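Only a predicted model underlies this, so the values are computations on that prediction, with no experimental measurement involved. The figures here come from the full heavy-atom set of this structure, side chains too, leaving out hydrogens, waters and symmetry mates.
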Amino acid sequence: MPQILAGGPLTRRSFVLAVGSIAVVGCNFLRSRQDPAQIPAAISTVITPAVAESSPQIASVPVTFRDVSRAAGVSWTFNNGSPNNDTTREPFIVQTGGGVALWDFNNDGLLDIFAVQGGPLPYAPAGGVAFSTQNVLYRNNGNGTFTDVTREAGLLGPTGYGQGVSVADYNNDGHLDLYITAIGGNHLYRNNGDGTFTDVTESAGVADKFIPGLHGHMCWPTSSAWGDYDNDGFLDLFVCHYCQWSPEIDRDDTIGQFPAPMQFPPSHCRLYHNNGDGTFTDVTDRANLQGLWGKSLSAVWIDYDSDGWPDLFVTNDTMPNFLLHNNRDGTFTNRAVEAGAAYDRMGHATASMGIGVSDYLHEGREDLFVVNYSGESKTVLHNMGGVFQDAAQSSGITDANLHFLGFGLECFDYDLDGWPDIIIGNGHVSPMVAKAAIDGETFAQSQLLLHNQGDGKFVQDNRSLGDLVVPRVTRGLAVGDFDNDGDVDVVMVSQQGPLSLYRNDGGNRNNWITLRLEGVRSNRDAVGAKVTIVTAAGRQTQWVRSGSSYCSHSDMRLTFGLKGEHHVLAIEVRWPSAKRQRFKSLSANRFYWLREGAALVDDPRIPKLPSKS
């Protein structure tokens, strides 16, 4: 059933009568769109460097994101095999890759970067246009630069037509492993702990090449996410699948100039149970997920009802989203409709893509943020305690630029004022958008920063964008403090464009603490752990997770902004094992390490930073 607002369900017709001409659109050019003339000027403004520079300061301290890619030695480009022009019809599959991870693969306390390559189209003829098939692993040197160690690490590929990446210590040996999703088969790389990786896909049982019953169609995996759904101490793996796809369908001239998701049959996702011995079992059917057909693009493990068992939220393109409630017996039930997470506030399925999670109101519950197609409002699902309220309008998210089409999305406190903000990576799905004569829509687009005002509302912060204002076709997006200066940075993958690293300059004018958790009875990564800090200003809560945004992986350390507070009064931790710990009186501007059951200490991987004057 659609979500209910005052006066009953809000239908498309009643909404049009109430606020003017607006169209619910999905991920293609054939659907009706909002009349550009009906979009308020404040919403449709194109962000340029001049606009950003002249915008008022929104953040609590001056913040600027600087593209430091060239100086850092990051020079890799994502190729999707597309002709990438406005005269040739693009294959549908070029729209969705690729992902990026910020992670510490060698346990030196420095975040490294991995990005997955697309490469030539699966049906490209031999001897055609040459495209790189090389994934890339950049090792952080600790001085602001990175070194390409892909070959030495054994991660060159090719690994199929790459889509996304996720990271987890699946065998609890203390070293983060790598999972790559790709059309043609996924890949699990075990971290050997010596700077190298071994492809263990086949022996582990997670190749994900075929879906029973989908004869003649290739798997189209997108995002993947790790979570311990049975709380046995080993991380399990959920893999999103988009449409059923084949070269024959994609090359069929009858589908017209603009291939769209409704022209391809839906697929269904896969769940792999970690057996604890280095192998996995496909439990999709056993978990009661085989009947869930969708066009899934992103997934995140959350405990939305706070019962101590991880559930799953999955976004679908042009179909209802899934909210998979953990029944605590190895099975799941889709409760998206009754919980208010399946549709938008008008009762329609949107083109849902990237996911962000934060407790944006400091209530101790996980709220959900989703980006959609251009012309569709961003989604804000306010967690009321097991059910969600659509808060897009009340939060001000609706007023964020409607001409932008979002993929990557993360929640992080970029100015460290104690309130989680939002970053959205934008970019259209086809360079032919200019020929569609839609005023204000472009292929390459600026990114968006939405600042949390602390009262339930977000404000578009153009001034802090810095180099994020430069138009690009963003897909994967991840966040993490790569230079260990306390504030959180951003890395993005652009279609047919460079991998870009954006340094946060200025956020650490405010105070902060960063926590690295390590499970003992719980999974080694502590995925699912809930951490609440208490300061004189109030309480903040974050969760450790592996997999969010779009096809990407962000730093699993938790950074809390403290603004002007110099001490944390208390920290409360609820581990996935259900063990609870509490600590008192911590100093600000330090990195801490917490091993389950042990004392909270300075993180030994990171040199102690000098005190602020």
Side-chain angles (χ1 to χ4, degrees), residues 49 63-79 98-117 132 134-153 155-156 162 165 167 176 178 195 408 410 412 414 416 423 425 427 444 446-447 449 464-508 512 514 549 551-557 559 591 605-607 609:
V63 174
T64 303
F65 284 90
R66 294 299 183 198
D67 186 343
V68 296
S69 309
R70 178 174 296 183
V74 174
S75 59
W76 179 88
T77 296
F78 177 82
N79 295 309
V100 63
L102 273 173
W103 60 316
D104 182 7
F105 83 90
N106 55 358
N107 291 344
D108 64 354
L110 299 166
L111 291 181
D112 311 296
I113 302 172
F114 178 85
V116 60
Q117 185 58 274
S132 171
Q134 178 181 321
N135 304 313
V136 70
L137 174 64
Y138 282 111
R139 185 189 63 218
N140 191 331
N141 299 321
N143 60 1
T145 68
F146 291 77
T147 298
D148 184 342
V149 295
T150 317
R151 183 178 298 278
E152 304 94 291
L155 294 173
L156 272 179
V165 59
V167 171
L176 291 173
L178 194 67
E410 274 291 4
F412 72 131
Y414 66 84
L416 300 173
I423 184 169
S446 169
Q447 318 313 303
L449 284 173
S464 297
L465 284 169
D467 292 328
L468 290 171
V469 76
V470 176
R472 50 184 289 131
V473 186
T474 304
R475 292 300 181 257
L477 178 157
V479 300
D481 183 6
F482 85 88
D483 51 1
N484 285 341
D485 66 350
D487 50 29
V488 181
D489 313 295
V490 179
V491 63
M492 296 180 183
V493 169
S494 177
Q495 289 238 322
Q496 303 295 76
L499 173 67
S500 298
L501 178 64
Y502 298 90
R503 187 183 64 212
N504 182 332
D505 288 344
N508 59 8
W512 51 273
T514 295
S549 185
C551 284
S552 297
H553 174 91
S554 294
D555 185 11
M556 287 190 284
R557 297 179 299 182
T559 295
F591 292 86
R605 295 180 180 175
I606 300 174
L609 298 176

Checklist outcome for this item: Output for pair (Gln447 CD, Phe65 CZ), nearest 0.5 Å, gives 11.5 Å

Next on the checklist: Which residues pass the salt bridge (Lys or Arg N to Asp or Glu O under 4.0 Å) test with Asp148, not counting sequence neighbours?
Outcome noted: none

Checklist entry - Residues two or more places apart in sequence or in another chain: which of them pass salt bridge (Lys or Arg N to Asp or Glu O under 4.0 Å) with Arg503? => result Asp505

Checklist entry - Side chains of Arg557 and Asn484: donor-acceptor distance under 3.5 Å anywhere? => result yes

Checklist entry - Do Asp481 and Trp512 have side-chain heavy atoms sitting under 4.5 Å apart? => result no

Item to check | Polar side-chain atom of Gln495 near backbone of Ala444 as donor-acceptor pair, under 3.5 Å | outcome: no

Checklist entry - Taking it one step at a time, do Tyr502 and Phe482 satisfy side-chain contact (heavy atoms from CB on, under 4.5 Å)? => result CA-CA 10 Å; Tyr502 298 90; Phe482 85 88; over 6 Å; no

Item to check | Chi angles and distances behind the side-chain contact (heavy atoms from CB on, under 4.5 Å) call for Val493, Val116 | outcome: CA-CA 9 Å; Val493 169; Val116 60; over 6 Å; no

Next on the checklist: Under the criterion side-chain contact (heavy atoms from CB on, under 4.5 Å), I'd like the reasoning laid out for Glu410 against Val490: C-alpha separation, chi angles, the key distance, then a yes or no.
Outcome noted: CA-CA 10 Å; Glu410 274 291 4; Val490 179; over 6 Å; no

Next on the checklist: Treating Tyr138 as the side-chain partner and Ser75 as the backbone partner, does any N or O pair qualify as donor plus acceptor under 3.5 Å?
Outcome noted: yes

Checklist entry - When rounded to the nearest 0.5 angstrom, what is the spacing between CG in Asp104 and CD1 in Ile606? => result 8.5 Å

Next on the checklist: Quick one: does any side-chain atom of Ser69 pair with a main-chain N or O of Leu501 as donor and acceptor, under 3.5 Å?
Outcome noted: yes

Item to check | Chi angles and distances behind the side-chain contact (heavy atoms from CB on, under 4.5 Å) call for Phe114, Leu137 | outcome: CA-CA 4 Å; Phe114 178 85; Leu137 174 64; 4.1 Å; yes

Item to check | Under 3.5 Å: donor-acceptor pair, side chain of Thr150, backbone of Leu155 | outcome: no

